[in-house]
There are 2 protein chains.
Amino acid sequence: MKQKITLKHIARELSVSISTVSKALKNSEEISKDTKDKIQAFAKLYNYKPNNIAISLKNRRTKNIGVIIPDIVHHFFTTVFRGIENYANAKGYNVILCMSDESFDKEVINMELLANGSIDGFIMALSAETQIKNDYNHLKEVAEQGIPLVLFDRITDEIECDKVVINDMEGAYKAVTKFIEDGRKQIALITTEDYYSVSRERAKGYKQALLDHNLPYRENLVLKLPFMDVDELAINEFLDREKIDAVLCVNEIYAIHSMRHVQSKGLSIPKDISFIGFTDGILSKYSTPGLTAVSQHGEKMGAIAAEMLIEKIESEKEEETYTTTVLDTTIVARGSTNN
Amino acid sequence: MKQKITLKHIARELSVSISTVSKALKNSEEISKDTKDKIQAFAKLYNYKPNNIAISLKNRRTKNIGVIIPDIVHHFFTTVFRGIENYANAKGYNVILCMSDESFDKEVINMELLANGSIDGFIMALSAETQIKNDYNHLKEVAEQGIPLVLFDRITDEIECDKVVINDMEGAYKAVTKFIEDGRKQIALITTEDYYSVSRERAKGYKQALLDHNLPYRENLVLKLPFMDVDELAINEFLDREKIDAVLCVNEIYAIHSMRHVQSKGLSIPKDISFIGFTDGILSKYSTPGLTAVSQHGEKMGAIAAEMLIEKIESEKEEETYTTTVLDTTIVARGSTNN
DNA sequence: TTGTACGCGTTATCAT
DNA sequence: ATGATAACGCGTACAA
C-alpha cells in the first residue's frame, strides 16, 4: 500500500526545501530548470497530487457545494440535482448531497454540519416540515455568516437570497387554458395543502385561467391533500363524487393514480376525461396513455441554481443583490389530452 | 455579516491562550471552573463550532464518503443512495455524490479528484463504459493508496474489495420459475449485452430455470440490446416475430415498453402474455396493470455498502479480508402475472 | 536560485 | 491551571 505522497516527502527525498518543491511544481520562474525537471519528474513518478483538504484550509475555499433536497427518490429533484452536478463539476466543484426527508430537524442538522467549513455555498429546496413550521432561522444564520445560498422550487419570501423557480402559476394557467380550448368545462384540480409555495401558485393559475375564460371557479372541484403521501381513497371518492371532464394534478403520482381509477371505472382517456400533470417525469412518459405534462425543466433549473451560486461564491464584491429567476414551463402533449 | 468565529478569536477576546480555549471547550479537567464557564459561555454566545476542514487536516479523516454512480435519474441507484446516505449520516458521515454518466473518463476524473483527500472511502457502481473497456486501473490505484472501496450492483472480479450485489441469477431463476408454475411455455428474455455483470447473471438464471423444468432454452427467445438506451423498434419486432406468452425484462423500461406494445396489439395482460421486470421501481408500481417485479432491495444494499465501508474506514487493522454480500431478491407480485 | 517563516484552525504534548 | 509549541499539507512573502 503506497501512501499518498506529500511535498514534504518529495523535499526530503530530493534534499531540497518544501517551498522549492512547491514552486517547482507550479513551474515558477524562480527555480532553475534543472531542479524543476528533477522535482517534476519525481512528482510525476510518484503521482503527486496536492491534498485538497490542505488547500481548502489555506484558501478558505472548499470547492464543495452543499445540496439539500427533501428526497432523492423523486424524479424532479433528481433532474435538478443532475443539472447542478453537471454545471458544478464543469466549474471544478464537488457536490455534497443531503436529504432532509421532508424533516425540519434533518434539514437543520445537515445544514449546520456542512456550514462549518465543509462547503462554500448551499443550494436547497425546503422540506415540507420547514414550510409548515415557517421557521427559517437556520437559513438566516447561514446567510449571516456570509455563506451564499440559492433556493429552488420550494422557496420562501422570508429569506433574501437568490432563487430559481418555475412559473408555477403560468404553468397551471397554460394547462387549464389547454383544457378549455379542448372544450372541457368541468375542470378539477388535485393539489396539496397551501403551505407549499408551489401549490399556492398553481392553485392561483388554475383559478385565474377559469375566470379569464368565463368559467366559474368552484371549490368542490378542488381537492387539497395534506402532505406528499397519496391518499388514494380521497382521490377516488373525489373523482367518483364530482362531475369532471378534465383534471389538473400538481404531481405525477396523483395524475397516474387518478387515471388508473377512472380507467377502472370504464372511462376512456381522453375521450371522457382528460389529464394533465405537473413534473413531466418518468411516469408521464411511460403511462398508458402517456400523460400530458407541465415540464418544470429540472435540469435547467439545477444548472441555473449552480451558476448563480458559483457566481456569488467567486464574486469578491460585498454587494447584496439577489435575483429570482423564473423559468417558464412547457406543456408536453401526450395521449391523456386531445392533441 | 458575522464571520465564523475561531478559537483564536475567542482567545484574543478573553485574553487567554488558544490552547486554553480548546481545552475549556472540551471540558478538560485541567482548566479551572471559572475560566471554563467564561469560555463556554462566550463560545455559546457566538455559536462557536469547530471548523471541519481544520479537523480533517489534523485527523487525516474527512468524515466524507464518495459515491460514484452511473446516473442519478435511475430509480434503483436512487434508492441505493438513500440507503447509503441514511446509514452514513447516522454515523456522522457526509456523502459526496458524483455521476459518471456511464462514461469511463468521468468516472476516472471524479475518482481522482475525490481521492486527493476529500473522502475517506468510495462506494460505487461501475459505469457501462468501464465495464466494456474492462479497465480498472483507477480502482486499483485507489485501493493501493489504502482508500477503502465498496462496489455494488455493477461489480467486477478484477478488483479485490468489499462488494454488495443481489443474487441476480436467483432473481431471474425465481421469475422464470413463477412463469412456468403459472403454465407459461414460451418464455422470453429481454436483456442487455453481456458486458454488464448483472445481465450475465440474470441470463444464467433464466436459462437454468428453463432447463431445470425441462423446457428448451431457445436463443431466438432472448433479445440482447446494446447499452442502456431503449431500442423500441427492436423490442417491437422481437415481440411481433416470436411466439411468446411470458417475458422477463432486466429493467422496468423494457418491461413497460413491451407491455404497451402488446396492449396496443390488443393482447390482454396477463391472460395472453405476462410480464416480470427487474428493479421494482416507480414504474412497476404505477403501470397498468402493475408490473410484477424482482425487487433488488436498493435501500438495503446501500445501507450494507455504507456499513461495510465505514467498518473498513474505522478499523485500525491492516488485514485485507474482503467480503461479498449477496442479497436475495424478492418477487413483488402485481397484475402483470397470474397471482 | 533556494530556503525560512508564517498562516489557515485545530489538537496534543510538553513546559511553566 | 495555563500557555507555548509542533504538527497536519500547502502556498507565499520575504530573506539569504
Let me know the distance between [atom1] of [X] and [atom2] of [N], rounded to the nearest Å.
{"X": "N116(A)", "N": "dT10(C)", "atom1": "CG", "atom2": "C1'", "result": "13 Å"}
{"X": "L7(B)", "N": "dG3(D)", "atom1": "CG", "atom2": "C1'", "result": "14 Å"}
{"X": "K26(A)", "N": "dT12(D)", "atom1": "NZ", "atom2": "P", "result": "6 Å"}
{"X": "E29(B)", "N": "dA12(C)", "atom1": "CD", "atom2": "C1'", "result": "17 Å"}
{"X": "I5(B)", "N": "dT10(C)", "atom1": "CD1", "atom2": "C1'", "result": "15 Å"}
{"X": "R12(A)", "N": "dA7(D)", "atom1": "CZ", "atom2": "C1'", "result": "13 Å"}
{"X": "H9(A)", "N": "dC8(D)", "atom1": "NE2", "atom2": "C1'", "result": "11 Å"}
{"X": "I18(A)", "N": "dC14(D)", "atom1": "CD1", "atom2": "C1'", "result": "17 Å"}

Using side-chain contact (heavy atoms from CB on, under 4.5 Å), reason through N94(B) and K63(B) one step at a time and then give a plain yes or no. CA-CA 6 Å; N94(B) 291 311; K63(B) 284 270 184 179; 5.9 Å; no
Selection from dG3(C), dG11(D), dT2(D) that lies nearest to any side-chain heavy atom of K58(A):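 Looking only at heavy atoms from C-beta outward on K58(A), the closest nucleotide is dG11(D).
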Among the nucleotides dA5(C), dT2(C), dC8(D), which one has an atom lying closest to any side-chain atom of S19(A)?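 Of the options given, the side chain of S19(A) lies nearest dA5(C).
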Should [X] be listed as having a side-chain N or O under 4.0 Å from OP1 or OP2 of [N]?
{"X": "T20(B)", "N": "dT2(D)", "result": "no"}
{"X": "K8(A)", "N": "dC8(D)", "result": "yes"}
{"X": "R60(A)", "N": "dG9(C)", "result": "yes"}
{"X": "Y48(A)", "N": "dG9(D)", "result": "no"}

Side-chain heavy-atom pair Y48(B), L7(B) within 4.5 angstrom cut-off: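 A side-chain contact under 4.5 Å exists here.
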Under a 4.5 Å cut-off applied to non-hydrogen side-chain atoms, are H75(A) and V73(B) in contact?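 Touching, per the 4.5 Å side-chain cut-off.
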What's [X] touching, base or sugar-phosphate or nothing? Going by heavy atoms closer than 4.0 Å.
{"X": "S32(B)", "result": "sugar-phosphate"}
{"X": "K23(B)", "result": "base"}
{"X": "T35(B)", "result": "sugar-phosphate"}
{"X": "L57(B)", "result": "base"}

Output, in order, the C-alpha distance, side-chain angles, deciding distance and verdict of side-chain contact (heavy atoms from CB on, under 4.5 Å) for I123(A) and M308(A). CA-CA 10 Å; I123(A) 297 177; M308(A) 286 173 126; over 6 Å; no
Does S127(B) reach the main-chain N or O of T130(B) with its side chain, forming a donor-acceptor pair under 3.5 Å?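 Such a contact is found between S127(B) side chain and T130(B) backbone.
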Can a donor-acceptor pair under 3.5 Å be found between the side-chain atoms of K4(B) and the base atoms of dG9(C)?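 In this structure, the two groups form no donor-acceptor pair.
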